[in-house]
Amino acid sequence: VRDGQTLTLTADLVAIPRPVLGPDGQPTGQTETHPFLGVLPAVDRVAQPPSAVPAMLWDQTRASVGALVTLPVMVWDLAQSLGTDTPRSTTSPVSVVGAGRIAGEAVANQSASVTDRVAFLFSLLAALNLFLFLFNLVPLLPLDGGHVAGALWEGLKRGWARVRHLPDPGPVDLAKALPLTYAVSLALLMLGTVVILADLIKPVFGTAQNTSLLVTGAAIGLLVTPLMASISEDSLRAVPSALREASTGLGARRSTTVVK
């Protein structure tokens with residue numbers, strides 16, 4: 001009814017490709033053309049000013065801290081779901097394998113523009129590095145936060161001794177915390193094993209049937225590069241300066257000292 005009059009109109013159906021779903025309800029990678037009448041969702045890219053970056057970074061940091069606090073509970077729930085038919089939660093933690101799988105599926109998604117795929121890949125890389133940075137600040141050995149906590153405790157003891165005119169208490173012996181370090185390392189190993197198995201057995205999104213191994217491997221390599229760079233830097237810094245100076249004194253080149 002328009003303007004008080006009853007009209008008979010004819011709608012023109014639009015033929016659009018639709019994904020074909022398998023028996024498990026997942027896309028098979030094939031499409032079929034079907035008539036469509038309705039409203040299609042549209043996504044518009046809106047450029048944000050540089051002033052929006054701090055607020056976005058703050059929101060991402062808060063989300064990462066919240067995920068870090070609930071990480072033990074989420075990993076426990078994930079481990080329980082591996083032995084049952086319970087579907088995996090889309091908010092469960094993922095390993096580098098899972099992140100690489102998600103990145104590979106995003107890169108292989110031909111329905112998205114190149115700009116959107118590149119933006120998603122870099123945002124995923126930034127989120128992963130931010131979480132690893134915050135995780136590394138946990139004040140437990142062997143994480144960097146444990147060494148920072150030891151240095152702060154040493155400075156506090158020396159400052160207190162200086163105020164009370166007491167002898168220098170000396171450096172803090174972190175070797176006493178080795179049992180705790182071994183326990184934390186074992187817990188991290190178990191956590192990584194559970195999450196990697198979950199990414200292989202129950203991936204978060206899809207089955208990645210349209211994702212080539214080359215794309216997924218390249219995505220994993222890109223995502224793991226900052227982590228390996230951080231581990232390599234920590235390993236080089238762990239070498240005593242006396243050994244580096246001795247190598248230089250014997251005439252070895254800097255590259256030889258680093259490699260050997």
Side-chain angles (χ1 to χ4, degrees), residues 60-107 120-150 174-175 177-208 211 213-238:
Q60 186 68 40
T61 302
R62 287 196 307 171
S64 299
V65 172
L68 186 60
V69 172
T70 59
L71 182 62
V73 177
M74 291 191 295
V75 173
W76 175 256
D77 294 339
L78 183 60
Q80 288 183 320
S81 67
L82 289 179
T84 63
D85 295 333
T86 305
R88 181 178 179 179
S89 173
T90 56
T91 59
S92 61
V94 297
S95 65
V96 176
V97 175
R101 188 188 189 102
I102 295 173
E105 291 182 354
V107 172
F120 176 81
L121 189 60
F122 275 99
S123 63
L124 181 63
L125 183 63
L128 178 63
N129 279 273
L130 177 61
F131 182 82
L132 291 177
F133 167 74
L134 295 174
F135 182 79
N136 206 27
L137 290 181
V138 175
L140 291 174
L141 292 172
L143 302 176
D144 286 346
H147 297 282
V148 172
L174 294 179
L178 282 179
L180 178 61
T181 303
Y182 295 148
V184 173
S185 300
L186 180 60
L188 293 178
L189 181 61
M190 295 174 60
L191 183 149
T193 302
V194 170
V195 178
I196 290 176
L197 285 177
D199 288 334
L200 295 176
I201 299 174
K202 288 186 176 182
V204 177
F205 298 111
T207 56
T211 306
L213 293 177
L214 179 61
V215 174
T216 304
I220 293 177
L222 179 61
L223 293 172
V224 82
T225 297
L227 178 62
M228 296 306 299
S230 177
I231 295 176
S232 300
E233 183 180 3
D234 292 340
S235 301
L236 292 176
R237 288 181 177 178

Can you measure from CZ (Phe135) to CG (Leu140) and round to the nearest 0.5 angstrom?
9.0 Å
With a 4.5 Å cut-off on side-chain heavy atoms, are Leu71 and Leu191 touching?
yes
To the nearest 0.5 Å, atom CG of Asn129 lies from atom CG of Leu134 at 11.0 Å
To the nearest 0.5 Å, tell me how far Leu188 CG sits from Thr193 OG1.
10.5 Å
Side-chain donor-acceptor distances from residues 63-70 under 3.5 Å, at least two apart:
residue, atom, partner, partner atom, Å
Ser64, OG, Gln60, O, 2.9
Thr70, OG1, Gly66, O, 3.0
Thr70, OG1, Ala67, O, 3.4

Considering all heavy atoms of both residues, which atom of Pro93 and which atom of Val75 are nearest to each other, and what is their separation?
CG-CG2, 4.0 Å
